[in-house]
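A short write-up of the structure that comes next.
As the structure is a prediction and not an experimental result, all values here were calculated from the model. Note that the numbering runs from 1 along the sequence shown for the chain.
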Amino acid sequence: DVQLQASGGGLVQTGGSLRLSCLFSGFTFDVWAIGWFRQAPGKEREGISYIMSDTGKTDYANSVKGRFTISSDNAKNTVYLQMSNLQPEDTGVYYCAVALGGFYSTQWYSTNQFDYWGQGTQVTVSS
């Protein structure tokens with residue numbers, strides 16, 4: 001079974017940093033895309049970033065460009081999201097998800113692009 005496990009969330013002050021991890025298992029595709037999404041209370045889930053396994057191509061939401069960095073360690077089956085200069089508006093539950101086929105990178109921010117989801121990890125940024 002495909003499984004994704006997000007971890008690394010927590011409580012941090014404004015301007016602080018966190019590194020989220022997404023440990024994935026249960027698939028052997030050489031080409032996949034893993035995305036990070038977040039959902040704030042009362043809001044829709046929004047795409048934050050994604051990475052392609054084969055090309056290393058990445059993209060970010062405008063709101064996090066220059067502050068967040070996505071990376072992958074395929075040997076460890078883990079994708080990371082390094083978050084710096086965190087702001088209160090970054091608060092939310094962060095989810096990772098994987099797309100195993102039919103992925104359109106121009107629409108990476110859409111939840112419909114992804115096939116399997118992890119359980120989420122809470123990030124709270126205090127002001």
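Inter-residue side-chain proximity for Lys76 and Ser21 is flagged as unmet; no heavy-atom pair is nearer than 4.5 Å. Residues Trp108 and Gln113 fail the side-chain proximity criterion, which asks for heavy atoms closer than 4.5 Å. Using a 4.5 Å cut-off on side-chain heavy atoms (C-beta onward), Trp32 and Val79 make contact. Residues Val2 and Asp115 form no side-chain contact, since every pair of their non-hydrogen atoms from C-beta on lies 4.5 Å or further apart. Counting heavy atoms from C-beta on, the side chains of Val98 and Phe29 never come closer than 4.5 Å. By the 4.5 Å heavy-atom criterion applied to side chains, Val93 and Phe37 are not counted as neighbours. Contact of the Val125 side chain with the Glu89 side chain is not registered, since no non-hydrogen atoms from C-beta on lie closer than 4.5 Å. Side chains of Arg45 and Trp117 form a contact here, defined as non-hydrogen atoms less than 4.5 Å apart.
For the pair Ser110 (side chain) and Asn112 (backbone), a donor-acceptor distance under 3.5 Å is present. Side-chain atoms of Thr121 never come within 3.5 Å of backbone atoms of Tyr94 as a donor-acceptor pair (strictly under, hydrogens ignored). Checked by atom type and distance alone, the side chain of Gln119 pairs as donor or acceptor with a backbone atom of Ala6 at under 3.5 Å. A donor-acceptor contact shorter than 3.5 Å links the side chain of Ser53 to the backbone of Asp30.
Under the 4.5 Å side-chain heavy-atom criterion for grouping Ile, Leu, Val, Met, Phe, Trp and Tyr, Leu18 is not connected to Tyr80 through any hydrophobic cluster. Both Ile70 and Val64 belong to a common hydrophobic cluster when Ile, Leu, Val, Met, Phe, Trp and Tyr are linked at side-chain heavy-atom distances under 4.5 angstrom. There is a path of hydrophobic side-chain contacts, each under 4.5 Å, that joins Tyr116 to Ile48. Hydrophobic clustering (side-chain heavy atoms under 4.5 Å, transitive across Ile, Leu, Val, Met, Phe, Trp, Tyr) groups Tyr60 together with Ile51. In this structure, Leu4 is not a member of the same hydrophobic cluster as Tyr95, with clusters built from ILVMFWY side-chain heavy atoms closer than 4.5 Å.
Using the six-membered ring where Trp is involved, Tyr50 and Phe103 have ring planes that are tilted, between 30° and 60° apart.
Closest approach of Arg38 and Ser63 over heavy atoms only: NH2-OG, 3.6 Å. Taking both residues in full, the closest heavy atoms of Ile34 and Phe114 are given as C-CE2, 4.0 Å, listed atom of the first, atom of the second, then distance.
In this structure, the separation between CG on Asp59 and OG on Ser105 is 8.5 Å, given to the nearest 0.5 Å. In this structure, Phe68 CZ and Ser17 OG are separated by 9.5 Å, a value rounded to the nearest 0.5 Å. Separating the CG atom in Asn77 from the CD atom in Gln3 is a distance of 12.0 Å, to the nearest 0.5 Å. Within the model, atoms CG of Leu20 and OG1 of Thr78 stand 12.5 Å from one another, a figure rounded to the nearest 0.5 Å. Atom CD of residue Gln39 and atom CD of residue Gln122 lie 10.5 Å apart, to the nearest 0.5 angstrom.
Annotation for Lys65: atom NZ counts as buried by contact number, over 12 foreign heavy atoms lying within 6.0 Å.
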Item to check | Audit row: Met83, Val12, side-chain contact (heavy atoms from CB on, under 4.5 Å) steps and yes/no | outcome: CA-CA 11 Å; Met83 307 186 296; Val12 65; over 6 Å; no
Checklist entry - Run the side-chain contact (heavy atoms from CB on, under 4.5 Å) check on Gln87 and Thr14 step by step: do they pass? => result CA-CA 5 Å; Gln87 303 297 311; Thr14 296; 3.7 Å; yes
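No side-chain donor from either of Ser7 and Gln5 sits under 3.5 Å from a side-chain acceptor of the other.
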